[in-house]
Amino acid sequence: MRGHGPIRGLLEYESTSKLHCVSEPLIERQEVVALLFNVSDIAITLTSIERFLTEDEDDGEAEADES
């Protein structure tokens, strides 16, 4: 497979004993999926708002040209 070679430049640990414990549990897969859907919804909403504002500006320019 192309592009699936070893990843270089990442810090490698000699052993897992050097990893530190975290005080909070790791984020669950379900939480990550929910966050991704929320980000997707926000992006769609922003695109809709941008389209609406662009159309509004275009209409205003067309009306000014007709006068």
Side-chain angles (χ1 to χ4, degrees):
M1 290 184 194
R2 266 179 66 199
H4 293 276
I7 298 174
R8 297 183 187 175
L10 296 177
L11 181 64
E12 294 182 16
Y13 291 99
E14 292 177 13
S15 71
T16 57
S17 64
K18 290 189 176 184
L19 298 176
H20 298 282
C21 294
V22 292
S23 60
E24 298 179 17
L26 296 176
I27 188 168
E28 298 287 329
R29 180 184 175 104
Q30 296 168 349
E31 294 173 302
V32 173
V33 170
L35 289 171
L36 288 173
F37 276 110
N38 288 338
V39 169
S40 176
D41 290 344
I42 291 168
I44 291 169
T45 301
L46 288 174
T47 302
S48 298
I49 292 169
E50 183 180 28
R51 241 186 254 133
F52 174 76
L53 292 175
T54 304
E55 289 173 3
D56 193 36
E57 288 174 0
D58 291 343
D59 290 345
E61 289 174 7
E63 290 174 5
D65 291 342
E66 291 175 2
S67 300

By side chain to side chain contact (heavy atoms under 4.5 Å, CB included), which residues pair with T45, not counting sequence neighbours? I49
Can you spot which of N38, I44, L36 makes a side chain to side chain contact (heavy atoms under 4.5 Å, CB included) with S40? I44
Would you please name every residue forming a side chain to side chain contact (heavy atoms under 4.5 Å, CB included) with E31, sequence neighbours left out? I27, E28
Applying side chain to side chain contact (heavy atoms under 4.5 Å, CB included), name anything that partners V39, two or more places apart in sequence or on another chain. none
